[in-house]
Amino acid sequence: MPARIVAGLYLRCLREARGIRLEDAARSVGVSAAAVSRWERAESPIRPDALGTLLRLYGVADDHASFLVGSLPPQGYDRREHAERGEGRRAPHDRWVDVACDEATARHIAVMRLASEVVHYCRLVPAGLRTQAYQRVVLDPGVCVDPDEPVLGLPAWVHHVPSAERQRRTVLLDETVLTRGRGTHPATMAGQLRHLADLVSRESSDGQGLTIRILPLDEVLFIHTVGAAAEVILHGHRMVVTVGLFPSYETGSGAARVISAGLHEGVGAAWSRDATYEALVSAAEGMERRTAS
């Protein structure tokens, strides 16, 4: 269940940020270090009382700890029982909306950084691929009321979260990225597009690391109707991630499978590496001419 996956990752990030050993965390709840490690990887369900104890050990406020404990599926919950009863395309606890404001944003950042694989469809250049000038534009409240990765006001622990080694990340950029902002910030957008073109030129030929592709609009695909969405693999668990007012996570449901299929359809429909590079450079040159005139 997604709440269990994200809560486990949160525990790991908090523990590592505070320099607490697995053995010390385990001693506080009377289990083995291996048990705590399995909870952090969502390989086994964590007891609600143990989650509350660990969150308090890591300095989480009681009200926030209660929110997370209350988000977990009940002990003994078996999704298959609900699926067999025909309770629709989404069983209870298949989807979890993280409504905890700054902590929710920080958890979303941690999920995206630590996933071993990411397929991400975006209408704006995503965090991590932005120039400083573009980042300032995106974080301007007049442009983006709900920034996806603000640089101020985040909990301290998230600044200790590194990107996963050898993360395989595919970013599908909506074709509108090539023209957005040319009327108001042409120089900034030209610099951003050239930065993306440079990243494309340095992509690994074995498909590992970062892959950036433009998803054209000449054919309307399902993912165009969904909006910004990602599929991640985190500790072996496949999960769909979307961000509206709050981050939401979904596993196992029919809806998650449809979004996953839509993302992979988008990968197949995207422009090639060479076509993506040429489009980025051409768009940047057009904006530079606009700036010069």
Main-chain N/O of [Y] paired with [X] side-chain donor or acceptor, under 3.5 Å:
X: Ser260; Y: Ala256; value: no
X: Glu175; Y: Leu217; value: yes
X: Arg169; Y: His120; value: no
X: Arg213; Y: Thr170; value: no
X: Ser37; Y: Ala33; value: no
X: Glu231; Y: Arg238; value: no
X: Arg130; Y: Val125; value: yes

*Joint hydrophobic cluster, Val220 plus Tyr121, side-chain heavy atoms closer than 4.5 Å*: no
*Any chain of hydrophobic side-chain contacts (each under 4.5 Å) joining Leu172 to Ile233?*
no
*Between Glu40, Glu43, Arg12, which is the residue that forms a side chain to side chain donor-acceptor pair (under 3.5 Å) with His235?*
Arg12
4.5 Å side-chain heavy-atom contact, [X] and [Y]:
X: Leu124; Y: Arg180; answer: yes
X: Glu285; Y: Arg194; answer: yes
X: Trp157; Y: Tyr10; answer: yes
X: Met287; Y: Gln192; answer: no

*Should we count OH of Tyr277 as having more than 12 external heavy atoms under 6.0 Å?*
no
*Which pair of heavy atoms, one from Phe222 and one from Gly262, lies closest together, and at what distance?*
CD2-CA, 4.1 Å
*Residues forming a side chain to side chain contact (heavy atoms under 4.5 Å, CB included) with Ala261, sequence neighbours excluded*: none
_Once salt bridge (charged side-chain N to carboxylate O under 4.0 Å, His left out) is applied, what residue pairs with a partner in residues 17-37 remain, sequence neighbours excluded?_
Arg21-Asp24, Asp24-Arg27
*Dump the intermediate steps for side-chain hydrogen bond (donor to acceptor under 3.5 Å, both in side chains) on Ser248 and Thr242, then the final yes or no.*
CA-CA 5 Å; Ser248 71; Thr242 57; 2.6 Å; yes
*Does the side chain of Asp274 pick up a donor-acceptor pair with the side chain of Ser272 at under 3.5 Å?*
no
*Yes or no on side chain to side chain contact (heavy atoms under 4.5 Å, CB included) for Thr251 and His237, after CA distance, side-chain angles and deciding distance?*
CA-CA 8 Å; Thr251 58; His237 307 292; 5.9 Å; no
